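One structure follows; several queries about it will come next.
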Amino acid sequence: QVQLVESGGGWVQAGGSLRLSCAASGRTFSASRMGWFRQAPGKEREFVAAISWTGGSTYYLDSVKGRFTISRDNAKNMVYLQMNTLKPEDTAVYYCAADPKRMGITAEAAKVNEYAYWGQGTQVTVSS
């Protein structure tokens with residue numbers, strides 16, 4: 001079992017930055033692939049970024065490459081999403097997710113149904 005709690009969301013003007021945090025509990029966290037997803041009103045949940053169990057491999061949605069950075073600290077059971085140069089289209093509820101069945105990064109890391117555990121989400125609003 002892995003329990004996830006996100007924090008760090010809020011309101012920011014376009015061009016600003018936010019850092020999301022995900023606190024994880026459970027013995028399998030350090031061996032789990034982790035991901036960030038987002039869901040805007042009326043849209044399906046969308047992959048944003050994923051990170052391997054060591055943190056050595058990452059994978060991003062094309063539209064956030066160069067602006068967002070995913071990282072993890074296994075000693076603290078934390079995953080982060082640093083978001084810079086935010087745009088209004090980044091507005092969404094952001095979710096942290098854990099996939100304890102996989103440790104590395106593959107194309108499947110972008111699929112919602114690959115992740116067994118989800119946090120409750122944190123709202124990010126970017127105004128123009």
Side-chain angles (χ1 to χ4, degrees):
Q1 285 276 357
V2 179
Q3 295 180 324
L4 305 170
V5 179
E6 303 96 334
S7 62
W11 177 89
V12 65
Q13 287 189 323
S17 298
L18 283 174
R19 187 196 196 201
L20 305 184
S21 298
C22 174
S25 62
R27 289 181 292 177
T28 60
F29 167 77
S30 61
S32 299
R33 174 169 67 192
M34 300 295 295
W36 284 98
F37 289 76
R38 65 188 181 187
Q39 189 166 18
K43 295 188 177 181
E44 293 187 352
R45 194 164 295 190
E46 174 185 54
F47 169 76
V48 175
I51 190 166
S52 64
W53 71 289
T54 63
S57 296
T58 56
Y59 183 40
Y60 295 94
L61 175 70
D62 283 347
S63 63
V64 308
K65 283 181 182 176
R67 299 189 298 122
F68 291 11
T69 302
I70 187 171
S71 62
R72 67 189 296 164
D73 184 339
N74 286 344
K76 296 181 179 179
N77 279 13
M78 296 292 294
V79 179
Y80 305 99
L81 185 68
Q82 178 66 44
M83 305 186 296
N84 298 328
T85 319
L86 282 160
K87 303 176 181 180
E89 52 263 44
D90 295 318
T91 295
V93 177
Y94 282 70
Y95 297 91
C96 177
D99 177 7
K101 304 185 310 298
R102 304 282 188 271
M103 295 191 290
I105 295 297
T106 64
E108 284 69 30
K111 297 181 179 179
V112 170
N113 59 9
E114 286 288 309
Y115 294 82
Y117 300 101
W118 294 83
Q120 83 289 348
T122 186
Q123 176 70 48
V124 171
T125 302
V126 184
S127 65
S128 57

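Values in this document were obtained by computation on a predicted structure and should not be read as measured data. Only heavy atoms go into these numbers, but all of them, side chains included; no hydrogens, no water, no symmetry mates.
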Ring geometry between F47 and F37 (parallel below 30°, tilted from 30 to 60°, perpendicular above 60°):
perpendicular

Would a 4.5 Å heavy-atom cut-off, applied to side chains only, mark Y95 and L4 as touching?
no

With rounding to the nearest 0.5 angstrom, report the CE to OG distance, M34 to S71.
11.5 Å

Supply the atom-to-atom distance Y59 OH to I105 CD1, rounded to the nearest 0.5 angstrom.
9.0 Å

I need the minimum non-hydrogen distance between V93 and G121, along with the two atoms involved.
CG1-CA, 3.8 Å

Q3, CD: over 12 other non-hydrogen atoms inside 6.0 angstrom:
no

With sequence neighbours excluded, residues passing side-chain hydrogen bond (donor to acceptor under 3.5 Å, both in side chains) with N77
none

Tell me whether the rings of F68 and Y94 are parallel (<30°), tilted (30 to 60°) or perpendicular (>60°).
tilted

Mind listing the closest non-hydrogen atom pair of R72 and F29 along with its distance?
NH2-O, 3.0 Å

Tell me whether W53 shares a hydrophobic cluster with Y60, the cluster being built from Ile, Leu, Val, Met, Phe, Trp, Tyr side chains joined at under 4.5 Å.
no

Backbone N or O of Q120 within a donor-acceptor pair of the E6 side chain at under 3.5 Å?
yes

More than 12 non-hydrogen atoms from neighbouring residues, nucleotides or ligands closer than 6.0 Å to CD on E44, yes or no?
no

How many angstroms lie between CD1 in I70 and OG in S57, if you round to the nearest 0.5 Å?
11.5 Å

R102 meets the side-chain hydrogen bond (donor to acceptor under 3.5 Å, both in side chains) criterion, sequence neighbours left out, with none

Which heavy-atom pair separates S127 from P88 by the least distance, and what is that distance?
C-CG, 4.5 Å

Sorted by chain and number, sequence neighbours left out, salt bridge (Lys or Arg N to Asp or Glu O under 4.0 Å) with R19 holds for none

Any chance you could measure T54, atom OG1, to N74, atom CG, to the nearest 0.5 Å?
8.0 Å

Please give the remaining members of the hydrophobic cluster of M78, linking ILVMFWY side chains under 4.5 Å, ordered by chain and number.
Y80

Looking at side-chain heavy atoms only, is the closest gap between C96 and W118 below 4.5 Å?
no

Minimal non-hydrogen separation, V126 against T91, with atom names
N-OG1, 2.9 Å

For M83 and L20, which heavy atoms make the closest approach, and how far apart are they?
CE-CG, 3.8 Å

Please find the pair of heavy atoms, one from A109 and one from Y115, that lie closest to each other, and give the distance.
O-OH, 2.6 Å

For K87, check salt bridge (Lys or Arg N to Asp or Glu O under 4.0 Å) against everything at least two apart and list the hits.
none

Salt bridge (Lys or Arg N to Asp or Glu O under 4.0 Å) partners of residues 28-40, not counting sequence neighbours, each pair once
R33-D99, R33-E114, R38-E46, R38-D90

